[in-house]
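Quick notes on the structure that follows.
Order of the sequence lines sets the chain letters (A, B, ...), proteins ahead of strands, with each chain counted from 1.
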Amino acid sequence: MSADHAHGNSQVNCGSKGSDAHKHKDKHKDKEQRHKDHKKDKEREKIKHSNSEHKEHSEKKHGDKEKLKHSNGSSEKHREKHREKRREDKIKTSQEEKPKKEKENGYVRERSPAAIKSEPEEDNGFYSSPQHNKTSKREHHDEGFEYKPKKVKTEHDKKAKKRKHEDEEDEEDEDIKPKKKTKDKKAAEGKKGKKEEEEKWKWWEEERATDGSKWRFLEHKGPVFAPPYEAMPDRVKFYYDGKPMKLNAPAEEVATFFAKMLDHEYTTKDIFRKNFFKDWRKEMTSEEKSKLSDLNKCDFGEMSEYFKAQSEARKQMSKAEKQKIKEENERLLQEYGFCIMDNHKERIGNFRIEPPGLFRGRGDHPKMGMLKRRIRPQDIIINCSKDSKQPKPPPGTKWKELRHDNKVTWLASWTENIQGSIKYIMLNPSSRIKGEKDWQKYETARRLKKCVDRIRTQYREDWKSKEMRIRQRAVALYFIDKLALRAGNEKEEGETADTVGCCSLRVEHIKLYPKMDDQEYVVEFDFLGKDSIRYYNKIPVEKRVFKNLQLFLENKQPEDDLFDRLNTSILNKHLQELMDGLTAKVFRTYNASITLQQQLKELACPEDSLPAKVLSYNRANRAVAILCNHQRAPPKTFEKSMQNLQTKIDEKQNQLSAARKQLKAAKAEHKASHDDKSKRVVELKRKAVQRIEEQLMKLQVQATDREENKQIALGTSKLNYLDPRISVAWCKKWVVPIEKIYNKTQREKFAWAIDMAEKDYEF
DNA sequence: TAAGGAACTTAGCAGTCCATGC
DNA sequence: GCATGGACTGCTAAGTTCCTTA
């Protein structure tokens, strides 16, 4: 790897939410922000030092939130005009500069096992698990599969054996982690009592279909619809201009959506209010419409209070009442939450249809507040096997369509009314269909590892190209690789929040500094990425990249595209030529996983205690989260909970000094008396000191971890970017229980990795 | 071949659950 | 038994990528 590829360590983003409220909050939290930045600095410093390959370093500077402001409405027209022109230019350029040699159509989208097997060098690891290699029992091919379901495999026959095994495992773990185990055990017992759990199916030991089909048999019961609207009790009034007013059901229902969000900042936003009012009026009778002309005169207070009281009442319900609800939910889950796919009972991810409500777009979303309409059976397309028991629509209704398409994975779909996009009901991440895809994703990233040096050499070469489009492509790829930026598709203006990724960066999103402090060629990034999360980073780049950027910026307005001769389609086509299956997002997966692996190697210390090891893991995970810019709003109770923890630490410290004093006294006593009794006392006191020291250490580690995690979200990278086999191998190598790293749901999702990865696994 | 659509992954938020400590 | 707070889960928005259509 070249010294230039400082993945994960040179990053110095200092992000924040892009919303007005956040900006506002940020201003008032400058001090806190500086503190946070300092923490992050330290974090990065650690990463930097720990990675010898990563020589490049960057400087961290506190982000000026005000810089985040985007062009105001007056420049919108100008920008739009420019966009139009740029679009035309891009099209023209891509036609003009089309490579002479057309790409051969050799791309196999769905990597079939056969195709993978035919590339032994690159795909070493794909079927590398011993278990997998052993499974030659499945020599029959897919054509031989029956479409009809055989008996669905459930726990029955192997149940006793399996449970025995689980119990043994429980006992083993008890020593290491009794508390957590208690929880899991309880949950397991509860389930055992209630239902027949499906046998853990090792789909990863079986072959995959090679014909592009996703399943052979699919049966399910259709979705669960949102409960119908229940009218407000008469005592709960809505007021207009200070006077009570009874609304008709449709208008009242939409009013309740607003009332439910009254405490939320959304309802203070102009766009939200405007969109809401416009859509609300569509639900009103003409009489209501003529009366209700000003949202500011509407008083939803009583409605809001009513919902709060309801929520409070729910919390105060008796155990029995709560249990009843739980049972009903469980019943629904059992009935609708599973499907049968190819002889196996699989959990459905989202079997409930999204209820109606007000659209909560993120960031400055132009459609926030619009009415998300109620989805009815006649909006739903059902997908299942022809020969399965077809799901029945609710009495008196019809499905929009009944489809039997086994080239897709979804069970039901509908078109939502805000963006006009399609929503799906799909399987849970623990399902075969999702797991296979996930596994495949990491295998593609591992293949990238093998050719990344070549790709890097090539794009560095391309920085010198005579063709502008190639230089742009090469610089963009460098950013995607080095900074783990997203591809950045073009978006329809006015339809969504103004966010960008690499290919859609605009001139206004970067600043160039030929010299900054003691560094040369520094690029400052400041833009809103996915979910309107701010990406802020200052990074020194190679001279050639810097010169190219200067060139790309020439004669452009702030709102012009930085890469005006590039889009994600062009980039991905190019990547496809470099490696089969390579797309921009593979770089994110690759860099995230390789960073985790490197960090774990650097941070782990064999002598560490278990909590210290877990802290090391979390730090490695954090390094990735920082690289990928995964942020979260600090928990509302953060300061308070930190204070509480600090109090505990202080108390523990006092306790420790008291215990030490006692030990000292006991030692003195023993020195004087030399009897057995005083000796035993010394031993007891010593043990007490030891125990308190351990408790203190645990609390301190907890405080450090929590503080470092304040604004970093670890979950996203853990679930989507980190090859789970790296974590599993690390756990096995350092004898860390997997439960310390993955919770139950995560263990289910990564069952394939937990089963196949040994301690020597290399990404 | 561009544009739009479909399918699927990635993302943060918020409500709920449940362990913990008093 | 209760309050607290962190972990977990569900939800659904917002991306990416590939496919289809005109």
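- Protein atom NZ of A:Lys749 is 15 Å distant from nucleotide atom C1' of C:dG10, rounded to whole Å.
- As a whole-Å value, the separation of A:Met426 CE from B:dA6 C1' is 9 Å.
- Atom NE2 of A:His365 is separated from atom P of B:dG12 by 16 Å (rounded to the nearest Å).
- Close to B:dT9, at under 4.0 Å from its OP1 or OP2, lies a side-chain N or O of A:Lys434.
- In summary, the side chains of A:Thr583 and A:Asn572 do not present any donor paired with an acceptor at a separation below 3.5 Å, with no hydrogens or angles considered.
- Between C:dC18 and A:Lys585, no contact under 4.0 Å exists linking OP1 or OP2 to a side-chain N or O.
- Along DNA chain C, the nucleotide nearest to A:Phe351 and the one nearest to A:Tyr742 differ in position, and the one closer to the 5' end is contacted by A:Tyr742.
- Considering only the side chain of A:Asn743, C:dC8 comes nearest among B:dT16, B:dG12, C:dC8.
- Following rounding to the nearest Å, A:Ile353 (CD1) and C:dG10 (P) show an atom-to-atom distance of 17 Å.
- Between A:Lys315 and the phosphate of B:dG15, there is no side-chain N or O to OP1/OP2 separation shorter than 4.0 Å.
- Taking 4.0 angstrom as the limit, A:Gln419 places none of its side-chain polar atoms (N or O) nearer than this to OP1 or OP2 of C:dA13.
- Side-chain contact check for A:Ser727 and A:Tyr617: at least one donor-acceptor pair (N or O, by modelled atom type) lies under 3.5 Å.
- Inter-residue side-chain proximity for A:Lys372 and A:Pro356 is flagged as unmet; no heavy-atom pair is nearer than 4.5 Å.
- Of the candidates B:dA7, C:dT12, C:dG15, the closest approach to any side-chain atom of A:Arg486 belongs to C:dG15.
- Nearest to the side-chain atoms of A:Ala713 among the listed nucleotides C:dT17, B:dG12, B:dC8 stands B:dG12.
- Rounded to whole angstrom, the span from the OH atom of A:Tyr535 across to the P atom of C:dA14 amounts to 22 Å.
- Partners of A:His220 under the ring pair (Phe, Tyr, Trp, His ring centres under 6.0 Å) rule, at least two apart in sequence or in another chain, do not exist in this structure.
- In this structure, of C:dA14, B:dC8, C:dG10, it is B:dC8 that holds the atom nearest to the side chain of A:Thr409.
- For A:His264, counting side-chain heavy atoms from C-beta on, the closest listed nucleotide (B:dT9, B:dA14, C:dT12) is B:dA14.
- Contacts of A:Gly501 with the nucleic acid, taken as non-hydrogen atoms under 4.0 Å apart, are absent.
- The base of B:dT10 sits within donor-acceptor range of the side chain of A:Lys530, with an N or O pair under 3.5 Å.
- Look at CD on A:Glu436: it is 15 Å from C1' on B:dC8, rounded to the nearest Å.
- Position along DNA chain C of the nearest nucleotide to A:Glu354 versus A:Asn572 favours A:Glu354 as the more 5'-ward residue.
- The side chain of A:Arg362 lies closest to B:dA11, out of B:dC18, C:dT17, B:dA11.
- Nearer to the 5' terminus of DNA chain B, by closest-nucleotide assignment, is the contact made by A:Leu719 (compared with the other of A:Asn329 and A:Leu719).
- Residue contacts for A:Pro355: at a heavy-atom cut-off of 4.0 Å it reaches the sugar-phosphate backbone alone, with no base atom in range.
- Listed pair A:Ser421 / B:dA6 fails the phosphate criterion, with no side-chain N or O lying under 4.0 Å from OP1 or OP2.
- Closest to the side chain of A:Tyr721, out of B:dT10, B:dA14, C:dC18, is B:dT10.
- The phosphate of C:dT17 (OP1 or OP2) has a side-chain N or O of A:Thr583 nearer than 4.0 angstrom.
- Here A:Gly715 lies out of heavy-atom contact (under 4.0 Å) with every strand.
- Proximity of the aromatic rings of A:Phe351 and A:Phe338 is defined here by a centroid distance below 6.0 angstrom, and this criterion is not met.
- At the heavy-atom level, A:Gly349 lies nowhere under 4.0 Å from the strands shown.
- The side chain of A:Tyr424 lies closest to B:dA6, out of B:dA6, B:dA11, C:dA13.
- The aromatic rings of A:Phe750 and A:Tyr742 lie tilted to each other, with the angle between the two planes from 30° to 60°.
- At whole-Å resolution of the value, NZ in A:Lys372 and C1' in C:dT12 are 6 Å apart.
- Between A:Trp410 and A:Thr589, the residue anchored nearer the 5' end of DNA chain B, judged by the nucleotide with its closest heavy atom, is A:Trp410.
- Side-chain atoms of A:Ile375 and A:Glu354, non-hydrogen and from C-beta on, never get closer than 4.5 Å to each other.
- Minimum interatomic distance between A:Arg314 and A:Lys322 (heavy atoms only, all atoms of both residues): O-CE, 3.8 Å.
- Close to B:dA7, at under 4.0 Å from its OP1 or OP2, lies no side-chain N or O of A:Lys214.
- Within the structure, a side-chain polar atom (N or O) of A:Thr499 is placed less than 4.0 Å from OP1 or OP2 of C:dG15.
- Among the heavy atoms of the strands lying under 4.0 Å from A:Ala584 are primed sugar atoms or P, OP1, OP2 only; no base atom is included.
- Separating the NE2 atom of A:His630 from the P atom of C:dG15 is a distance of 13 Å, rounded to the nearest angstrom.
- Regarding contacts with the backbone of C:dT9, every side-chain N or O of A:Lys744 stays at 4.0 angstrom or more from both OP1 and OP2.
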